[in-house]
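Chain A is the first sequence line, chain B the second, and so forth, proteins listed ahead of strands; every chain is numbered from 1. No hydrogens, no waters, no symmetry mates; every other heavy atom, side chains included, goes into these values.
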Amino acid sequence: MPNPDTQKTPETADTRPSNFIRDIIAGHMDAQRFGGKVHTRFPPEPNGYLHIGHAKSIAVNFETAADYGGKCNLRFDDTNPIKEEQEYIDAIIQDIRWLGYDWEDRLFYASDYFDQLYEWAVQLVKQGKAYVDHLSPEEIREYRGTLTEPGKDSPYRNRSVEENLDLLERMRKGEFKEGECVLRAKIDMESPNINLRDPVMYRILHAAHHRTGDKWCIYPTYDWAHGQSDSIEGITHSICTLEFEDHRPLYDWYLNQLGVHHPQQIEFARLNLSYTVLSKRKLIRLVQEGRVAGWDDPRMPTISGMRRRGYPPAAIRTFANHVGVTKTNTVIELQLLEYFIRQHLNLHALRKMAVLKPLRVVIENYPEDQVEEMDAINNPEDEAAGTRKVPFSRVLYIEQDDFMEDPPKKFYRLAPGREVRLRNAYFVTCTDVIKDEDGNVVELRCTYDPATRGGDSPDGRKVKATLHWVSAAHALEAEVRLYDTLFTKENPNETGEGEDFTDFINPESLVVLEKCYIEPSLAGAEPGSRFQFERQGYFCVDPDSRDEKLVFNRTVPLKDTWAKLKKKQNK
RNA sequence: UGGGAGAUAGUUUAAUCGGCAGAACAGUGGACUUUGGAUCCAUCGGUCCUGGUUCGAGUCCAGGUCUCCCAGCCA
């Protein structure tokens with residue numbers, strides 16, 4: 001977990017918390033297992049976009065290897081041509097690069113190994129360890145037994161090696177229809193571990209593969225492909241998630257039968273985040289049902305969504321390195337992720353003033369056509385960021401929330417007769433409140449104290465609040481998109497009878513503010529650039545942004561003690 | 001009710017051979033402040049249960065409880 005001495009600096013092997021995987025590897029290093037080498041891989045299936053859960057897995061694989069002087073491969077587990085697409089491959093590559101990881105020239109595909117896999121399958125048949133089964137899919141399921149009852153042998157289980165060899169060859173040549181037969185490993189139909197009840201190695205799929213085209217009509221299953229691919233690549237530690245724990249005996253069995261390089265599979269708990277869903281099935285539904293605008297909707301927990309939202313890759317990495325790597329099923333609080341996002345942005349984001357819900361203010365004693373250029377600090381956390389000029393004039397906008405006609409206790413912003421500081425400018429006092437016929441406050445009249453230029457009073461007078469503002473004549477209009485959690489329920493995966501996780505979608509997860517006013521120095525801000533709008537939060541320029549109208553996404557709000565107080569008072 | 005895995009503050013975790021249960025996030029209170037931000041200080045709070053071994057148990061032993069995963073020709 002976070003070490004107070006290192007929170008502000010990038011982690012190194014020395015400061016990053018250890019975990020049980022590192023302990024295992026350290027043991028292997030001491031024992032000279034694998035010749036003192038570490039080589040891992042990140043093996044996504046190209047059938048969806050990467051999300052924050054993958055970021056953890058990516059970090060574990062790439063950083064663990066790097067810390068022991070080893071390498072990490074990127075390998076697409078593309079054994080199912082029906083679900084996989086090039087679009088996903090491209091997106092995954094882009095996302096991992098963006099996160100800052102490099103597999104150099106080691107980009108591989110399980111489909112690179114289809115020939116070798118087939119040769120090995122022939123070898124297993126010759127060893128009498130695999131057979132072609134003509135049971136139908138339904139029959140296979142029946143013969144498999146249940147969790148509590150053993151399975152029974154297929155009537156085809158004892159075909160001769162010659163017959164199996166012939167049948168397998170004919171499967172490969174396309175002489176059978178889909179579902180007509182499969183190649184199965186001959187292990188033990190009575191095993192208490194269902195994965196060992198003669199698992200399927202090859203199934204017939206008359207489908208074109210995005211890389212091998214029509215070369216194959218039989219495709220290896222995950223179990224048959226994965227360990228062997230690891231072996232071919234010289235992987236030492238095959239790190240995967242908990243649900244594969246039951247598969248490890250099978251992983252080991254194949255490698256032992258083949259007598260080839262045998263990596264160690266290690267399982268750890270996948271990441272779960274509160275108020276979000278991370279299953280591929282659910283994420284793809286959100287996209288396909290139009291519940292979000294796409295894979296990169298800023299509300300999505302996808303890497304592309306987070307990129308668009310404004311999460312810095314370094315902060316995601318820090319997060320991924322600080323969540324525990326254990327075998328315990330856990331749900332990380334979203335607040336922890338946001339903590340690391342704020343921590344990074346606080347140090348690096350330039351400060352700007354932006355008024356999201358404008359309230360017009362006229363400074364009555366300020367000369368009509370005067371404009372002053374006020375000096376403003378770009379980042380109090382980073383002196384090198386310098387200063388900028390912000391125009392001040394007679395008519396300004398401030399935030400609606402920064403004024404209350406009848407302020408409760410502890411509200412120390414602007415109110416009738418009260419004096420506050422305008423950031424980087426002057427002290428102003430509210431002298432009059434102008435309302436429309438419905439009684440809504442539409443404009444404030446104020447006076448300013450010319451002696452307080454820059455924000456300090458020569459007589460030592462103190463004010464309790466500092467407000468942000470923009471000059472009406474100089475402000476740029478912008479659209480600001482505010483985001484909240486996509487779900488209102490802490491664990492949207494937990495559904496009762498007749499409920500669906502989409503029932504918990506937060507109707508206020510996106511609120512668009514069309515007419516915001518931002519300071520003129522924001523003109524021409526590039527999509528993807530990140531700023532702090534003072535007193536409000538961190539914002540990122542959206543790709544939809546145009547010169548005429550900038551569009552910002554709120555990445556994460558600043559901590560808001562007043563909002564918290566208000567909430568408590570309302571209770 | 002088969003097999004596999006897990007259980008330490010609200011959350012995520014640390015604890016060498018059995019030797020003072022330590023952090024972070026969240027919460028609370030305060031200091032400071034030209035962001036009710038940041039920072040700083042303080043504070044709250046924990047070993048799933050029942051026994052046993054031991055001078056001493058989160059750790060070892062016995063029994064129990066609860067949670068997660070597995071019956072795709074998905075990964």
Original post:
Which whole number of Å gives the distance between the C1' atom of A62(B) and that of G19(B)?
Top reply: 24 Å
**OP:** Using the six-membered ring wherever Trp is involved, compare the ring planes of Phe501(A) and Phe487(A) and label them parallel, tilted or perpendicular (cut-offs 30° and 60°).
**Re:** tilted
Original post:
So what does Arg413(A) touch, heavy atoms closer than 4.0 Å: a base, only the sugar-phosphate, or nothing?
Top reply: base
**OP:** Write down the distance separating the P atoms in U65(B) and U1(B), rounded off to the nearest Å.
**Re:** 8 Å
Original post:
Does OP1 or OP2 of C70(B) have a side-chain N or O of Arg197(A) closer than 4.0 Å?
Top reply: no
Subject >> Proximal nucleotide (of C69(B), U13(B), G36(B)) relative to the Thr328(A) side chain >> reply: U13(B)
**OP:** Mind checking side-chain contact (heavy atoms from CB on, under 4.5 Å) for Ala207(A) and listing every partner two or more places apart, or none if nothing turns up?
**Re:** Pro81(A), Ile82(A)
**OP:** Could you check if the base of C49(B) is syn or anti? Syn means the glycosidic torsion is within 90 degrees of 0.
**Re:** anti
**OP:** Considering just the side-chain nitrogens and oxygens of Lys568(A), establish if one lies under 4.0 Å of OP1 or OP2 belonging to G27(B).
**Re:** no
Subject >> Presence of donor-acceptor pair under 3.5 Å, side chain of Asn329(A) and base of G6(B) >> reply: no
Subject >> side-chain N/O Lys559(A) vs G36(B) OP1/OP2, d < 4.0 Å >> reply: no
Original post:
Expressed as a whole number of Å, how far does the P atom of U8(B) sit from that of C44(B)?
Top reply: 22 Å
Original post:
Between C25(B), U35(B), A75(B), which one does the side chain of Tyr339(A) approach most closely?
Top reply: C25(B)
**OP:** May I ask you to verify whether the side chain of His247(A) and the base of A75(B) hold a donor-acceptor pair under 3.5 Å?
**Re:** yes
Original post:
Would Arg211(A) count as a cation-pi partner of Tyr109(A), with NZ or CZ less than 6.0 Å from the six-membered ring centre and within 45° of the ring normal?
Top reply: yes
Original post:
Does Arg423(A) have a side-chain nitrogen or oxygen under 4.0 Å from the phosphate oxygens OP1 or OP2 of G36(B)?
Top reply: no
Original post:
Do any side-chain nitrogens or oxygens of Thr148(A) fall under 4.0 Å of OP1 or OP2 in U1(B)?
Top reply: no
**OP:** Classify the nucleic acid contact of Thr221(A) as base, sugar-phosphate or nothing, counting any heavy atom under 4.0 Å across all strands shown.
**Re:** sugar-phosphate
**OP:** Check the angle between the aromatic planes of Phe392(A) and Tyr448(A) and answer parallel, tilted or perpendicular using the 30° and 60° thresholds.
**Re:** tilted
**OP:** Pull up the glycosidic torsion of G72(B) and say syn or anti, syn being anything within 90° of 0.
**Re:** syn
Original post:
Across the strands shown, which category fits Leu273(A) at heavy-atom distances under 4.0 angstrom: base, sugar-phosphate, nothing?
Top reply: nothing
**OP:** State whether Arg535(A) places a side-chain N or O below 4.0 Å from either non-bridging phosphate oxygen (OP1 or OP2) of G36(B).
**Re:** yes
**OP:** Check every strand shown and say whether Ile332(A) touches a base, only sugar-phosphate, or nothing at a heavy-atom separation below 4.0 Å.
**Re:** sugar-phosphate
Original post:
Which value, in whole Å, describes the distance between the C1' atoms of nucleotides G64(B) and G45(B)?
Top reply: 28 Å
Original post:
Any donor-acceptor pair under 3.5 Å joining the side chain of Gln335(A) to the base of U11(B)?
Top reply: no
Original post:
Think Lys564(A) has a side-chain N or O under 4.0 angstrom from the OP1 or OP2 of U28(B)?
Top reply: yes
Subject >> U59(B) versus C69(B) - spacing of their C1' atoms, nearest Å >> reply: 26 Å
Original post:
Is Gln536(A) side chain donor-acceptor paired with the G37(B) base, going by distance under 3.5 Å alone?
Top reply: no
Original post:
Hey, is the side chain of Glu381(A) pairing donor to acceptor with the base of G37(B) inside 3.5 Å?
Top reply: yes
Original post:
Should the ring pair Tyr397(A) and Tyr517(A) be called parallel, tilted or perpendicular, given that the plane angle runs from 0 to 90° and is split at 30 and 60?
Top reply: parallel
